[in-house]
Chemist: 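Got a structure here, written out as structure tokens. Questions coming.
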Amino acid sequence: MRIRFDGKTVVVSGAGHGFGRCITETFAQLGARVFGCDLSAAELAETAKAGVQTEMLDLTDRAAAAAWIAQIERTTAGAVDVLVNNAGGVAGQEMRPIEEVPDADWDRAVAAGMKRAGSGRIINISSGAGLAPSLTGIQAYCSAKHAVVGLTRQLAHELGPFGITVNSVAPGFVRSNTASERQWAGYGEEGQRALVERIAMRRLGTAQDIANSVVFFASELAGFVNGQVLRMKIIVPAVHS
């Protein structure tokens, strides 16, 4: 089966770089009409080159986020088909507390149209830190990502009867932006080697790996997959002598 999204409306938050940009570009290549938001106008300008319609938007402004979704529904004359909640991160901090709260109100704004349509796909980008303690030691980030996993499962339960699936992709460490590149450099050669050797595939994941997983959850192949969290990195247990 060839996966295509012709005639589908896809909305991606955090579309300016990293996972978000790769996800938007991939959906655009597969025929979708893609809308992306981010805080950075400069990064969105690069994303827009893939044919993505972009909006500089702060998702903590719930009214503005809901208004943007309403505008997309008017523009496309229909409900959003696929919502990818990707915005988030560690706010530029490392090894200290941060503030990161999933914007459930934005989910509800999109879900209303999906309910009317009787179908829809919501994919939340969580993290391996949403399933286990964070290797970076950032407590608030780890707590927030656990919350994303819980929200995914709860929304799957609530929205499933309306034909809407809600799933999550939980990446491990991926070199996808300036923050992750700084973190990678901070490990040093020995730390980098040790990290890769603990991954069963013996390589780091890529932004395209994440985008491909999102595409699967959004496709008809995953029509009966709901409330699932796809962990993108299997760790090999440490061997003690």
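Numbers for residues simply follow the sequence, beginning at 1. As a basis for the values below, the full set of heavy atoms in this structure was taken, side chains included, without hydrogen atoms, waters or symmetry mates.
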Chemist: Will you find, in the side chains of Asn212 and Gln208, an N or O donor that is under 3.5 Å from an N or O acceptor?
Modeler: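 Note: Asn212 and Gln208 side chains meet the donor-acceptor criterion.
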Chemist: Are Val11 and Val110 connected into the same hydrophobic cluster when the rule is that any two of I, L, V, M, F, W, Y join if their side-chain heavy atoms are below 4.5 Å apart?
Modeler: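 Yes, because Val110 and Val11 connect within a single hydrophobic cluster, where side-chain heavy atoms sit under 4.5 Å apart.
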Chemist: Under 4.5 Å between side-chain heavy atoms, counting indirect links through other Ile/Leu/Val/Met/Phe/Trp/Tyr residues: same cluster for Val12 and Leu44 or not?
Modeler: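 Cluster IDs for Val12 and Leu44 differ.
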Chemist: Yes or no on side chain to side chain contact (heavy atoms under 4.5 Å, CB included) for Asp81 and Val10, after CA distance, side-chain angles and deciding distance?
Modeler: CA-CA 6 Å; Asp81 296 295; Val10 177; 5.8 Å; no
Chemist: Do the non-hydrogen side-chain atoms of Leu230 and Phe216 ever get within less than 4.5 Å of each other?
Modeler: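 A side-chain contact under 4.5 Å is absent here.
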Chemist: Grab the two heavy atoms, one from Gly205 and one from Val174, that are nearest each other, plus how far apart they are.
Modeler: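 Taking Gly205 first and Val174 second, the nearest heavy atoms are O-CG1, 3.4 Å.
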Chemist: Show, in sequence, the C-alpha distance, side-chain angles and deciding distance for Thr206 and Asp209, and conclude whether the side chain to side chain contact (heavy atoms under 4.5 Å, CB included) test is met.
Modeler: CA-CA 5 Å; Thr206 67; Asp209 289 326; 3.1 Å; yes
Chemist: So which atom in Ala170 and which in Val229 form the shortest heavy-atom distance, rounded to 0.1 Å?
Modeler: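 Taking every non-hydrogen atom into account, CB-CG1, 3.9 Å.
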Chemist: Can you sort out the partners of Leu30 under side chain to side chain contact (heavy atoms under 4.5 Å, CB included), two or more places apart, ordered by chain and number?
Modeler: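 Partners of Leu30 under the side chain to side chain contact (heavy atoms under 4.5 Å, CB included) test: Phe5, Thr26, Val215.
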Chemist: May I have the step-by-step check of side chain to side chain contact (heavy atoms under 4.5 Å, CB included) for Val149 and Leu151, ending in yes or no?
Modeler: CA-CA 5 Å; Val149 170; Leu151 180 64; over 6 Å; no
Chemist: With sequence neighbours excluded, what pairs up with Phe19 under the ring-ring contact (aromatic ring centres under 6.0 Å, His included) test?
Modeler: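 Residues passing ring-ring contact (aromatic ring centres under 6.0 Å, His included) with Phe19: none at all.
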Chemist: So how far is it from Phe217 CZ to Asn124 CG, rounded to the nearest 0.5 Å?
Modeler: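 Output value for this atom pair is 10.5 Å.
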Chemist: Working to the nearest 0.5 angstrom, can you tell me the gap between Leu57 CG and Thr54 OG1?
Modeler: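 OG1 of Thr54 is found 11.0 Å from CG of Leu57.
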Chemist: Would you check if Arg193 and Tyr187 make a side-chain contact, meaning some heavy-atom pair closer than 4.5 Å?
Modeler: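 Contact flag for Arg193/Tyr187 side chains = no.
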Chemist: Minimum heavy-atom separation for Ala109 and Glu73, please, with both atom names.
Modeler: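 That would be O-OE2, 4.3 Å.
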Chemist: Quick check for you: to the nearest 0.5 Å, what is the distance between Asn86 atom CG and Arg21 atom CZ?
Modeler: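 Reported to 0.5 Å precision, the distance equals 12.0 Å.
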Chemist: Please report the interatomic distance CZ(Arg182) to OG1(Thr178), rounded to the nearest 0.5 Å.
Modeler: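 If I round to the nearest 0.5 Å, the distance is 5.0 Å.
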Chemist: Can you find a side-chain donor-acceptor pair between Thr47 and Glu43 that sits under 3.5 Å?
Modeler: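 Judged by distance alone, the side chains do not pair up.
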Chemist: Write down the atom of Gly36, the atom of Ala15, and the distance for their closest heavy-atom approach.
Modeler: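 Looking at all heavy atoms of both residues, the shortest contact is CA-CB, 3.7 Å.
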Chemist: If every non-hydrogen atom of Ala50 is compared with every non-hydrogen atom of Ala28, which pair is closest and at what distance?
Modeler: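 That would be O-CB, 3.6 Å.
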Chemist: Distance alone, cut at 3.5 Å: any donor-acceptor contact between the side chains of Asp58 and Thr60?
Modeler: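 Yes, a side-chain donor-acceptor pair sits under 3.5 Å.
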Chemist: I'd like to check the side chain to side chain contact (heavy atoms under 4.5 Å, CB included) partners of Gln53; sequence neighbours left out, ordered by chain and number.
Modeler: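 Gln53 satisfies side chain to side chain contact (heavy atoms under 4.5 Å, CB included) with Arg33, Phe35 once adjacent residues are dropped.
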Chemist: Heavy atoms only: give me the nearest Trp184-Gln192 pair and the separation to one decimal.
Modeler: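 Minimum heavy-atom contact is O-NE2, 2.9 Å.
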Chemist: Between Glu25 and Val52, does the side chain to side chain contact (heavy atoms under 4.5 Å, CB included) criterion hold? Intermediate values first, please.
Modeler: CA-CA 7 Å; Glu25 290 173 345; Val52 177; 5.6 Å; no
Chemist: Side-chain polar contacts of residues 157-164 - donor-acceptor pairs under 3.5 angstrom, sequence neighbours left out - could you list them?
Modeler:
residue, atom, partner, partner atom, Å
Glu158, OE2, Gln154, NE2, 2.8

Chemist: Roughly how far apart are Ser168 OG and Ile122 CD1, rounded to 0.5 Å?
Modeler: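 Going from the OG atom of Ser168 to the CD1 atom of Ile122 covers 12.0 Å.
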Chemist: Taking a hydrophobic cluster as the set of Ile, Leu, Val, Met, Phe, Trp and Tyr residues connected by side-chain heavy atoms closer than 4.5 Å, whether directly or through intermediates, do Val169 and Ile3 fall within one such cluster?
Modeler: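 Yes; tracing contacts between hydrophobic side chains, which count when under 4.5 Å, links both residues.
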Chemist: For the CE atom of Met114 and the CZ atom of Arg116, what is their distance to the nearest 0.5 Å?
Modeler: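 Spacing of CE (Met114) from CZ (Arg116) equals 11.5 Å.
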Chemist: Would a 4.5 Å heavy-atom cut-off, applied to side chains only, mark Met232 and Ile210 as touching?
Modeler: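 The answer is yes; the side chains approach within 4.5 Å.
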Chemist: Quick one: name the residues clustered hydrophobically with Leu39, using the 4.5 Å side-chain heavy-atom rule over I, L, V, M, F, W, Y, and just say none if it's on its own.
Modeler: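 Cluster partners of Leu39: none, it stands alone.
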Chemist: Are the side chains of Thr75 and Gln71 in contact, using a 4.5 Å heavy-atom criterion?
Modeler: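 With C-beta onward as the side chain, the pair touches.
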Chemist: For the residue pair Asn85 / Ser13, report whether a side-chain donor-acceptor contact shorter than 3.5 Å exists.
Modeler: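 No.
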Chemist: Sequence neighbours left out, what passes side chain to side chain contact (heavy atoms under 4.5 Å, CB included) with Thr165? Give chain and number order.
Modeler: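 For Thr165 the side chain to side chain contact (heavy atoms under 4.5 Å, CB included) partners, ignoring immediate neighbours, are Arg121, Asn167, Asn226.
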Chemist: Under the 3.5 angstrom rule, does the side chain of Arg62 hit a backbone N or O of Leu59 as a donor-acceptor pair?
Modeler: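 Checked: no pair found.
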